[in-house]
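In what follows, residues are counted from 1 in the order of the sequence shown.
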Amino acid sequence: MKTMPADGKPEHEPPYTPLGLETFKAHKPLEGYNAVLPAFFNDPRDKCEPIGFPRANFYNLRQTQILQNEYKVVLLYEYAETWRVIWTDGREVPRLLTEAC
């Protein structure tokens, strides 16, 4: 597959599924060809701490380690010595985290 620029031209768009296209169009980013004014964006980046993958790598350009076992995936970020645990054992995510991110 050839890499194409994200410029809004139909011939450069990935082959979205109907759900993928609907989800993509629901996002209101502050950057890129489909950027909206700050009053209208719905990107949770200002509410999430740490900002998460891949933004932590893109913004900070530091090392990240990904560890996995049968219960969880752990992302260790060198920048600010932060980490994120993604539980894969079926437990419920704390409500505060699901509302913010």
Asks: For K28, does its backbone N or O pair with a side-chain atom of N42 as donor and acceptor, under 3.5 Å?
Replies: yes
Asks: Can you measure from CD (E22) to OH (Y16) and round to the nearest 0.5 angstrom?
Replies: 13.0 Å
Asks: Sequence neighbours excluded and cut-off under 3.5 Å, please list the side-chain donor-acceptor pairs for residues 65-72, or say none.
Replies:
from	atom 1	to	atom 2	distance (Å)
N69	OD1	Y71	N	2.7
N69	OD1	K72	N	3.0

Asks: To the closest 0.5 Å, what do you measure between CH2 (W83) and CG (L76)?
Replies: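 That separation rounds to 9.0 Å.
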Asks: To check you understand the geometry: which heavy-atom pair defines the closest contact between K9 and D7, and what is its length?
Replies: N-OD1, 3.0 Å
Asks: Would you say F41 and F24 are hydrophobically clustered, going by side-chain heavy atoms of ILVMFWY under 4.5 Å?
Replies: no
Asks: For residues 30-38, which side-chain donor-acceptor pairs fall under 3.5 Å, sequence neighbours excluded?
Replies:
from	atom 1	to	atom 2	distance (Å)
E31	OE2	R45	NH1	3.3
Y33	OH	E13	OE2	3.0

